[in-house]
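Written out below as structure tokens is the structure these notes cover.
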Number of protein chains: 2
Amino acid sequence: MTEAFELEAFLPYRLNRAAEFVALRFAAQYKARYQLTRPEWRTLAALGNSGRSMTATEIGAHSSMHKTKVSRAVFGLEQRRWLKREEDGRDRRFEHLALTSAGQQTYRELTALAADYQAELLSMLGAADMEALSKGLFAVERAIKNRWRPE
Amino acid sequence: MTEAFELEAFLPYRLNRAAEFVALRFAAQYKARYQLTRPEWRTLAALGNSGRSMTATEIGAHSSMHKTKVSRAVFGLEQRRWLKREEDGRDRRFEHLALTSAGQQTYRELTALAADYQAELLSMLGAADMEALSKGLFAVERAIKNRWRPE
DNA sequence: AATCAATAGTTACGCTTGTAACTAATATCG
DNA sequence: CGATATTAGTTACAAGCGTAACTATTGATT
């Protein structure tokens, strides 16, 4: 017996739609209030979260962004004086990127908003379903670790 | 006590990364083997799944795509002779879109690949985690129904 | 009937994106 | 040491995208 294909049950479609919806309201915040693009917000988050300086390649690996995205995001953050570059003395191909104090301040404000939003999502989905979603995502993340090949 | 913000635990980030990963291998198939874009594949799937003719607006609502995306996807599928248009006699603003037999054939081939891929994902994640993921996604879908406002 | 509003779908425009080519620096290996 | 390969990061280009403006048609209001 052949089941009819149901787009509504197809995991790539379901995951993509959920991701778009969940990203929407938070993206509105960092776009409207801080004029940040998504790659810029991710770069800020990666740097702020690590608490140290990172190279562009490290940022890309940590947040799974393509290097051209990282390059443009770094440029944007640098223009706003939220990030500064320092070249590596031993190997001048590397640039060590770090948040300025203004950048750290923005990071703290945005992570506070992010925490609020996470709480809002929790109450929107309910604790049990949020648990289930998180468990399922861990499984996907495990699969990514086993198979993911960047570019 | 203030928790440090963890990007790795932030739901929008986790969902987005999972969605990208899961979409990747299947997208490679319809792109390489059928030269389809993602909006084209989704349009094909919506029409094939419904088994009837639909208007562009219906396709957009069903697969949550913007009308310009649908318009371009319809044009692409029409060029490949996988879809034909028929104007509504009573209200000439409407176009009734339906797959040609060649389009239906492509749809059957692609849905067979999709079913294989879904099975592969199931074995990759394991039944229990797939269940959990699905449960969590249902919760998000419920939230979308309550809040989603297209454009 | 005439005007104005609403709807289906397309197109023009500017912005973002990824691919591939590029520069610059370092590593490797004969 | 010199040629080649590799790596970090940037840039040029073309394709994809959403917003907004547009055409065409129908509905609503007076």
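Throughout, protein chains are lettered first and strands after them, A, B, ... in sequence-line order, and every chain is numbered starting at 1. Note that these values count all heavy atoms, side chains included, but never hydrogens, waters or copies made by symmetry.
- In this view, B:Glu78 and B:Arg85 satisfy the side-chain hydrogen bond (donor to acceptor under 3.5 Å, both in side chains) rule, not counting sequence neighbours.
- Listed by chain and residue number, A:Asp88 satisfy the side-chain contact (heavy atoms from CB on, under 4.5 Å) test with A:Arg90 (two or more places apart in sequence, or in another chain).
- Take B:Thr68 and apply the side-chain hydrogen bond (donor to acceptor under 3.5 Å, both in side chains) test, not counting sequence neighbours, and it matches B:His66.
- Within residues 28-42 of chain B, no residue has any heavy atom closer than 4.0 Å to DNA chain C.
- Judged as a side-chain hydrogen bond (donor to acceptor under 3.5 Å, both in side chains), and not counting sequence neighbours, A:Gln104 has no contacts.
- For B:Arg17, the side-chain hydrogen bond (donor to acceptor under 3.5 Å, both in side chains) partners two or more places apart in sequence, or in a different chain, are B:Glu8.
- Using a 4.0 Å cutoff on non-hydrogen atoms, the parts of residues 86-99 of chain B near DNA chain C are B:Arg93, B:Phe94, B:Glu95, ordered by number.
- The distance between atom NZ of B:Lys67 and atom P of D:dA24, rounded to the nearest whole Å, is 16 Å.
- B:Arg80 pairs by the side-chain contact (heavy atoms from CB on, under 4.5 Å) definition with B:Gln35, B:Leu36, B:Glu40, B:Trp82, not counting sequence neighbours.
- Pairs passing the ring pair (Phe, Tyr, Trp, His ring centres under 6.0 Å) check and including a residue from residues 103-138 of chain A, sequence neighbours excluded, read A:Phe26-A:Tyr117.
- For residues 123-132 of chain B, the pairs satisfying side-chain hydrogen bond (donor to acceptor under 3.5 Å, both in side chains) are A:Arg142-B:Asp129, with sequence neighbours left out.
- For the OP1/OP2 pair of C:dT10 and a distance below 4.0 Å, the side-chain nitrogens and oxygens of B:Ser71 include at least one atom meeting the criterion.
- Pairs passing the salt bridge (Lys or Arg N to Asp or Glu O under 4.0 Å) check and including a residue from residues 106-119 of chain A, sequence neighbours excluded, do not occur.
- Within a heavy-atom distance below 4.0 Å of DNA chain D, the residues of residues 44-63 of chain A found are A:Thr55, A:Ala56, A:Thr57.
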